[in-house]
Number of protein chains: 2
Amino acid sequence: MSRSSLSNPLALAVLATLSEEPMHPYRITQVLRERGKEHSIRLNWGSLYSVIASLEKNGLIEATHSERAGSRPERTVYAVTDAGREAALSWLRRIIEVPAKEYPDFEAGLSLIMLLGPDEAAALLTRRLEGLDARIADARAAQDLPLPEIFLVEARFELAMLEAERAFVADLVARLATGRVDGQDLWAEMHRRLAQGDSIAQLVAEFDDHLWKEGTGARPGPSGPTPPTTES
Amino acid sequence: MSRSSLSNPLALAVLATLSEEPMHPYRITQVLRERGKEHSIRLNWGSLYSVIASLEKNGLIEATHSERAGSRPERTVYAVTDAGREAALSWLRRIIEVPAKEYPDFEAGLSLIMLLGPDEAAALLTRRLEGLDARIADARAAQDLPLPEIFLVEARFELAMLEAERAFVADLVARLATGRVDGQDLWAEMHRRLAQGDSIAQLVAEFDDHLWKEGTGARPGPSGPTPPTTES
DNA sequence: CTCCGGATACTCGACTCAGAGTATTACTCG
DNA sequence: CGAGTAATACTCTGAGTCGAGTATCCGGAG
């Protein structure tokens, strides 16, 4: 979907839910929660109403009527339009077919990890393993349900990705502990010299030169050196 | 970081870059790109300037002076403050230590996959494998550099996660092809009846009842049934 | 019967995101 | 020398986020 269109998967979930039958917004959220969709799709009140406003504006849903239950506030019932059904299917096909570039925070953190000393980084990564074990236990429990797999496919995906991340972190931690990460000595030396008062600018200049000189000459991605900050 | 603070990793990258030496915004982006950081951190012009405005407002960076290169537009040079260095380190420690809940589009798509027929879903997933193979080849090439591993750790992480996703999708595709996904028959039958003109509401009622009756009684997450939409 | 807390239904406002946009300079090539 | 394009430096605006907010009803407990 183009930038001028919706991009929040919650909009897709709203379209899907309204394809069953017309509903008011609060009820849509109830149905999504009953089905456990909040584990895979961010469900926030503010987002829900702005997404609904945008879907209506784009002609993908339409308000059919207002109703009320007892003396409670009136609520607006929406129905999906034919255009909305089409848009939902197109959007879902694209999501399933084309891998999207995501930017997880952890990957960003790893790209800047040299700001921390190697020992500190190793300790934090070790603690991350504990957090991942807890997440994995939760994800396994989420599948311990009397449901056919087809209803649990996204939970199995989440578990698979958590296990992959855990394996990666465990391996990195183990190799850091025994000095088997290439560049680890340089990393440690940078932090020793920082602690002794060397300036970052100087270290960057020295370090930079030391590395690129042995390389191909052209400076490549992904990671050039990101030196540590001085800590007061 | 609390909601009133920054959450975009680009802000962290800006703080890290300014810890080396003061720079103007355009130069910060140049340095981040030279180091290949755009593979792990979203780099958008709009975001960069708003992040810089916010860092300044929060006292994490400060404008030191304006300068100009030749007759080009003036540019403001920023320096990190002591508070900024501290904030950067705290934030990075948290990112490395604590696994964050991410909501990848693919997981959202999987949670709604029954909107598509099983044959169509299998075909789209097969095409996804091709896209993943291309991404994996790119990720492998990104590490084929004369750099120590410590500069490539985030690229190795990305590769590990892509390979895990690929394994998951390949397994799912293989089992769909041979009818070994529990619930696959129900899924196919729903789509056969939709094609014959049965209403979604009716299918949902029947289907819902069929499943939950055999369960524990309480409706659990993660996935209750999400029935398909009618396609005109 | 009264009180209280959860449920119901939705809004607000500050902030962030993102991609296209503007304006000017400088360099390269014909 | 002029034209065209890339580089430089930044802005704009619509969309999205989010967490707290508002207002009222309803059901359960005392």
Side-chain angles (χ1 to χ4, degrees), chain A residues 1-14 17 22-34 38 41-58 60 63 65-78 87 91 100-103 105 108, chain B residues 1-14 22-34 38 41-58 60 63 65-78 91 100-103 105 108:
Chain A
M1 263 197 177
S2 67
R3 176 64 180 81
S4 59
S5 302
L6 292 152
S7 60
N8 185 352
L10 178 56
L12 178 54
V14 167
T17 309
M23 264 176 233
H24 59 275
Y26 189 82
R27 180 65 194 144
I28 294 171
T29 298
Q30 281 186 319
V31 169
L32 291 174
R33 283 190 199 283
E34 281 164 10
E38 77 279 14
I41 299 170
R42 283 181 203 272
L43 286 178
N44 288 311
W45 290 114
S47 306
L48 178 71
Y49 286 87
S50 73
V51 147
I52 285 172
S54 186
L55 287 171
E56 187 176 21
K57 182 178 166 195
N58 285 301
L60 305 184
H65 61 287
S66 281
E67 64 182 27
R68 122 184 285 151
S71 295
R72 283 178 161 152
E74 283 216 359
R75 56 205 190 196
T76 306
V77 172
Y78 293 90
W91 188 358
K101 172 66 176 168
E102 310 267 354
Y103 294 83
D105 282 353
Chain B
M1 262 197 177
S2 68
R3 173 63 179 85
S4 59
S5 301
L6 290 151
S7 58
N8 186 352
L10 177 54
L12 178 55
V14 167
M23 263 176 235
H24 58 280
Y26 190 84
R27 179 70 194 140
I28 293 172
T29 298
Q30 282 186 319
V31 169
L32 290 174
R33 284 190 198 284
E34 280 164 11
E38 78 280 14
I41 299 169
R42 285 182 201 270
L43 287 176
N44 288 309
W45 291 115
S47 307
L48 178 71
Y49 285 88
S50 71
V51 148
I52 285 174
S54 186
L55 287 171
E56 185 175 21
K57 181 177 165 194
N58 285 300
L60 305 183
H65 61 287
S66 281
E67 66 182 26
R68 121 182 289 149
S71 294
R72 283 181 161 151
E74 284 216 356
R75 57 205 190 195
T76 306
V77 171
Y78 293 91
W91 187 0
K101 173 64 177 168
E102 311 265 356
Y103 294 83
D105 282 354

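From a predicted model like this one, the values you see are computed outputs, not experimental measurements. Chain letters run A, B, ... following the sequence lines, proteins first, then strands; residues in each count from 1.
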Euclidean distance, atom CG of residue L48(A) to atom P of dA20(D) [Å, nearest integer]:
18 Å
When rounded to whole Å, the CH2 to P distance for the pair W45(B) and dG14(D) reads 23 Å
Could you check how far CE of M23(A) sits from C1' of dT8(C), rounded to whole Å?
16 Å
Can you see if the side chain of S50(B) gets near the phosphate of dT16(C) - specifically, an N or O under 4.0 Å from OP1 or OP2?
no
Side chain S54(A), main chain S50(A), donor-acceptor under 3.5 Å:
no
Separation of dG19(D) C1' from L43(A) CG (nearest whole Å)
15 Å
Do the side-chain N or O atoms of K57(A) get closer than 4.0 angstrom to the phosphate oxygens (OP1, OP2) of dG14(D)?
no
Tell me: CG of N8(B) to C1' of dG16(D), nearest whole Å?
14 Å
To the side chain of R75(B), which of dC18(D), dT8(D), dG16(D) is closest?
dT8(D)
Value in whole Å for how far the C1' atom of dT16(C) lies from CG of L12(B):
17 Å
Quick one: label E67(B) by what it contacts on the DNA or RNA (base, sugar-phosphate, nothing), any heavy atom closer than 4.0 Å.
nothing
Applying side chain to side chain contact (heavy atoms under 4.5 Å, CB included), name anything that partners E74(A), two or more places apart in sequence or on another chain.
S66(A), R68(A)
R27(A) vs dA9(C): side-chain N/O to OP1/OP2 distance below 4.0 Å:
no
Please determine if a side-chain N or O atom of S54(A) lies less than 4.0 Å away from the OP1 or OP2 oxygen of dG16(D).
yes
Please, which pairs that meet salt bridge (charged side-chain N to carboxylate O under 4.0 Å, His left out) have at least one residue in residues 47-56 of chain A, sequence neighbours excluded?
none
Heavy-atom side-chain proximity of I52(B) to I28(B) below 4.5 angstrom:
yes
Among the nucleotides dG19(C), dA9(D), dT17(D), whichever has the atom closest to the side chain of Y26(B) is dA9(D)
Once you round it to whole Å, what is the distance between P of dT17(D) and OH of Y49(A)?
16 Å
Quick one: label T76(B) by what it contacts on the DNA or RNA (base, sugar-phosphate, nothing), any heavy atom closer than 4.0 Å.
sugar-phosphate
Can you confirm whether the side chains of R33(B) and Q30(B) place a donor and an acceptor under 3.5 Å from each other?
no
Under 4.0 Å between a side-chain N/O of Q30(A) and OP1 or OP2 of dA9(C), yes or no?
no
Output yes when a side-chain donor or acceptor of E102(B) lies under 3.5 Å from a complementary backbone atom of D105(A), and no otherwise.
yes
Roughly how many Å is it from CG in N44(B) to C1' in dT13(D), rounded to a whole number?
15 Å
Give every pair of a protein N or O atom and an N or O atom of nucleotides 22-25 of chain D that lie under 3.5 Å apart, one pair per line with the distance.
none

Is the shortest side-chain heavy-atom distance between L43(A) and L48(A) below 4.5 Å?
no
Has the side chain of N8(A) got a donor or acceptor atom that lies under 3.5 Å from a matching backbone atom of L10(A)?
yes
By nearest nucleotide on DNA chain C, pick out whichever of S47(A) and E74(A) is the more 5' one.
E74(A)
